[in-house]
Amino acid sequence: MAGTQTKELTERELAVMRTFWDDGEATADEARQRLAETGVELAYVTVANVVRGLEDKGFLKQLNKSRPFQYRAARSFDDVSKRLVGDLVERLFDGSRQKLLVQVLNKRRLSKTEREFLKQILVDQGEDV
């Protein structure tokens with residue numbers, strides 16, 4: 001069920017969720033202000049509706065009983081991103097992480113920092129590099 005909910009996140013919902021993941025608790029208006037600081041201008045009513053929808057889907061948790069309502073992320077970025085990437089691998093790459101890696105790595109040459117990071121991941125998994 002949770003995976004199904006993750007698939008339903010829109011770009012706008014993800015933008016709002018990022019404000020909670022990055023900056024913590026907020027009201028709908030504070031989330032709107034945070035979005036505006038990043039160049040995403042949305043009306044208060046729009047953000048308030050998105051926040052309520054995210055609460056209904058289980059991504060945000062309302063913390064108080066009186067207005068203005070304060071919210072915090074109920075699901076972590078790691079949880080949501082793992083589910084989204086897993087869904088992408090299943091649906092687009094027929095479950096093949098190798099196909100995903102080929103697509104990502106053939107797009108452009110990895111930087112030295114990216115290569116070192118990838119090597120460290122392999123070492124951490126017990127692989128010889």
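Model, not experiment: these values are computed from the prediction.
Side-chain N or O atoms of N64 include one that pairs as donor or acceptor with a backbone N or O of P68 at under 3.5 Å. Judged by distance alone, with hydrogens and angles left aside, the side-chain atoms of R75 form no donor-acceptor pair with the main-chain N or O of V80 at under 3.5 Å.
Remark: D79 engages R83 in a salt bridge, criterion side-chain N to carboxylate O under 4.0 Å.
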Name each donor-acceptor pair under 3.5 Å that joins a side chain in residues 118-128 to protein atoms two or more places apart or in another chain, with its distance.
residue: Q120; atom: NE2; partner: D124; partner atom: OD1; Å: 2.7

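Members clustered with V102: none, using a 4.5 Å side-chain heavy-atom cutoff among hydrophobic residues.
Considering every non-hydrogen atom in both V47 and A28, the closest pair reads CG1-O, 3.4 Å. When all heavy atoms of R115 and L110 are compared, the pair lying nearest together is NH1-O, 2.6 Å. For A31 against A26, the heavy-atom pair with the smallest separation is N-CB, 4.2 Å. For the pair A74 and G58, the tightest heavy-atom approach, listed with the atom from each and the gap, is CB-O, 3.5 Å. A pairwise comparison of heavy atoms in Q62 and K65 identifies NE2-CA, 4.2 Å as the closest pair.
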Pair D78, K82 - check salt bridge (charged side-chain N to carboxylate O under 4.0 Å, His left out), show working. CA-CA 6 Å; D78 285 343; K82 284 177 187 174; 5.5 Å; no
Full working for side-chain contact (heavy atoms from CB on, under 4.5 Å) between F69 and V51:
CA-CA 10 Å; F69 298 121; V51 166; over 6 Å; no
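Taken from OG in S76 to CE in M17, the straight-line distance is 9.0 Å, to the nearest 0.5 Å. Rounded to the nearest 0.5 Å, atoms CG (L9) and CG (L14) are 5.0 Å apart.
Residues V16 and R32 fail the side-chain proximity criterion, which asks for heavy atoms closer than 4.5 Å. Side-chain atoms of D23 and R18, non-hydrogen and from C-beta on, never get closer than 4.5 Å to each other. Using a 4.5 Å heavy-atom threshold, the side chains of Y71 and L54 count as separate.
Residues that satisfy the side chain to side chain contact (heavy atoms under 4.5 Å, CB included) test with T38, not counting sequence neighbours, are V40. Applying the side chain to side chain donor-acceptor pair (under 3.5 Å) criterion to R52, with sequence neighbours excluded, gives N49. Shown here are the side chain to side chain contact (heavy atoms under 4.5 Å, CB included) partners of E90, two or more places apart in sequence or in another chain: there are none. Checked against side chain to side chain contact (heavy atoms under 4.5 Å, CB included), Q33 has the following partners two or more places apart in sequence or in another chain: D29. Applying the ring pair (Phe, Tyr, Trp, His ring centres under 6.0 Å) criterion to F77, with sequence neighbours excluded, gives W21. Residues satisfying the side chain to side chain contact (heavy atoms under 4.5 Å, CB included) test with R72, not counting sequence neighbours, are E25, K61, L63. Evaluation of the salt bridge (Lys or Arg N to Asp or Glu O under 4.0 Å) rule for E30 yields no partner, not counting sequence neighbours.
Within the structure, side-chain hydrogen bond (donor to acceptor under 3.5 Å, both in side chains) contacts touching residues 97-110 (residues at least two apart or in different chains) are R108-E114. Sorted by first and then second residue, the ring-ring contact (aromatic ring centres under 6.0 Å, His included) pairs with a member in residues 78-129 form an empty list; sequence neighbours excluded.
Note on L84: it does not cluster hydrophobically with V104, by side-chain heavy-atom contacts below 4.5 Å among ILVMFWY residues.
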